[in-house]
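Contents: one structure, followed by commentary.
Bear in mind the structure is a predicted one, so any value in this text is a computation, not a measurement.
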Amino acid sequence: MSEKIRVLLNEEEVDQKIREIGERISKDYEGKSVHLICVLKGGVFFTCELAKRITVPVSMDFMSVSSYGDDTSSSGVIKIVKDLDESIEGKDVLIVEDIIDSGRTLSHLMEMLKQRNPKSMRLCTLLDKPERRVKDVKVDYVCFNIPDEFVVGYGLDYAQKYRNLPYIGVVEL
């Protein structure tokens with residue numbers, strides 16, 4: 001591994017923020033249940049930790065999507081690699097992402113999911129890079145706004161490496 005990883009957010013900071021967001025979600029969904037949709041692969045670590053901290057009934061499903069276009073940028077057109085196993089019709093849905101940057105893919109995904117008639121749909125992300133946004137996406141729950149740096153850990157990878165780091169780090173090549 002020739003990359004150097006600089007700690008951006010340590011494990012304790014990440015854990016504390018997930019706890020706080022879990023409490024907010026629990027209050028917002030009081031008296032209801034929430035259906036989490038984890039966007040794979042990166043979102044799985046965050047989704048599992050978040051689910052443990054939500055006190056209302058939780059159900060969960062997974063989607064895997066890929067954005068395609070040219071090699072260097074996302075077109076925002078998505079290909080469903082793994083679709084949901086269950087219908088979301090009539091459910092209070094919370095999409096859980098690891099990171100949001102341009103917003104293109106997520107905007108398209110949310111429009112597609114709205115057509116499946118959920119009762120409500122909100123968005124939660126561990127990391128947000130608002131300065132990279134090119135497509136307006138309403139993010140209801142954000143753990144951290146971060147600078148435009150290449151980050152790994154807590155599900156985020158660099159060439160499939162570093163997903164298992166318990167903190168958020170910046171790759172310094």
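- Across Asp98 and Gly155, no two heavy atoms sit closer than the pair OD2-O, 4.5 Å.
- For the atom pair CZ (Phe150) and CG (Leu156), the distance works out to 8.0 Å, reported to the nearest 0.5 Å.
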Check your understanding: Should His108 and Val65 be marked as a side chain to side chain contact (heavy atoms under 4.5 Å, CB included) after you check the CA-CA gap, both sets of side-chain angles, and the distance that decides it?
Key -> CA-CA 11 Å; His108 188 80; Val65 299; over 6 Å; no

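- Looking at heavy atoms from C-beta onward, Leu84 lies in side-chain contact with Arg116 at the 4.5 angstrom threshold.
- Annotation: side chain to side chain contact (heavy atoms under 4.5 Å, CB included) contacts of Arg53 (sequence neighbours excluded): Asp15, Ile18, Arg19, Glu49.
- Each of Leu94 and Met121 belongs to its own hydrophobic cluster when Ile, Leu, Val, Met, Phe, Trp and Tyr are linked at side-chain heavy-atom distances under 4.5 angstrom.
- Residues Val44 and Val58 fall within the same hydrophobic cluster, defined by Ile, Leu, Val, Met, Phe, Trp and Tyr side chains chained together at heavy-atom separations under 4.5 Å.
- Shortest non-hydrogen contact noted between Ile146 and Pro130 is O-CD, 4.5 Å.
- Closest heavy-atom contact between Lys82 and Asp85: NZ-OD1, 3.1 Å.
- The closest side-chain donor-acceptor pair between Gln16 and Glu20 falls under 3.5 angstrom.
- Taking CD of Glu13 as the reference point, atom CG of Leu8 lies at 8.0 Å (rounded to 0.5 Å).
- Looking at Val39 and Val96, their side chains never come closer than 4.5 Å, going by heavy atoms from C-beta outward.
- For Thr55, the side chain to side chain contact (heavy atoms under 4.5 Å, CB included) partners at least two apart in sequence or on another chain are Ser26.
- The side chain to side chain contact (heavy atoms under 4.5 Å, CB included) search around Lys119 returns Asp92, not counting sequence neighbours.
- A search for side chain to side chain contact (heavy atoms under 4.5 Å, CB included) contacts involving Lys91 returns His35, Glu86, Val93, not counting sequence neighbours.
- In summary, Lys138 and Asp136 do not engage in a salt bridge, as defined by a charged side-chain N under 4.0 Å from a carboxylate O.
- Screening residues 164-173 for side-chain hydrogen bond (donor to acceptor under 3.5 Å, both in side chains) gives Arg6-Glu172 as the qualifying pairs, with residues at least two apart or on separate chains.
- Separation of atoms CG (Leu9) and CD (Glu12) is listed at 11.5 Å; rounding is to 0.5 Å.
- Linking ILVMFWY side-chain heavy atoms closer than 4.5 Å, directly or via other members, places Ile21 and Val56 in a single hydrophobic cluster.
- Val139 and Val142 make their closest contact through CG1-CG2, 3.3 Å (heavy atoms, listed as atom of the first residue, atom of the second, distance).
- For the salt bridge (charged side-chain N to carboxylate O under 4.0 Å, His left out) test with Arg133, the passing option among Asp148, Asp101, Asp128 is Asp128; the others fail.
- Under a hydrophobic-cluster definition in which Ile, Leu, Val, Met, Phe, Trp and Tyr are linked whenever side-chain heavy atoms come within less than 4.5 Å, directly or via other members, Val7 and Val152 are assigned to the same cluster.
- Rounding to the nearest 0.5 Å places CG of Leu36 at 5.0 Å from CD1 of Ile54.
- In the hydrophobic clustering of this structure, Tyr141 groups with Leu50; members are Ile, Leu, Val, Met, Phe, Trp, Tyr whose side-chain heavy atoms approach within less than 4.5 Å, directly or through other members.
- Phe144 places none of its side-chain heavy atoms less than 4.5 Å from the side chain of Ile168.
- With sequence neighbours left out, Asp157 forms a salt bridge (charged side-chain N to carboxylate O under 4.0 Å, His left out) with Arg163.
- Here CD of Glu149 is found 11.5 Å from CG of Leu127. Values are rounded to the nearest 0.5 Å.
- Nearest heavy atoms, Leu126 versus Phe46: N-CE2, 3.4 Å.
- In this structure, Ile25 and Arg122 have side chains that are not in contact, with every pair of non-hydrogen atoms separated by 4.5 Å or more.
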Exercise for review: Please lay out, stage by stage, how Val151 and Val171 fare under the test side chain to side chain contact (heavy atoms under 4.5 Å, CB included).
Suggested key: CA-CA 6 Å; Val151 291; Val171 175; over 6 Å; no

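- Counting heavy atoms from C-beta outward, Leu123 and Ile100 have side chains that approach closer than 4.5 Å.
- Note that CD of Gln115 and CD1 of Ile88 are 10.5 Å apart. Values are rounded to the nearest 0.5 Å.
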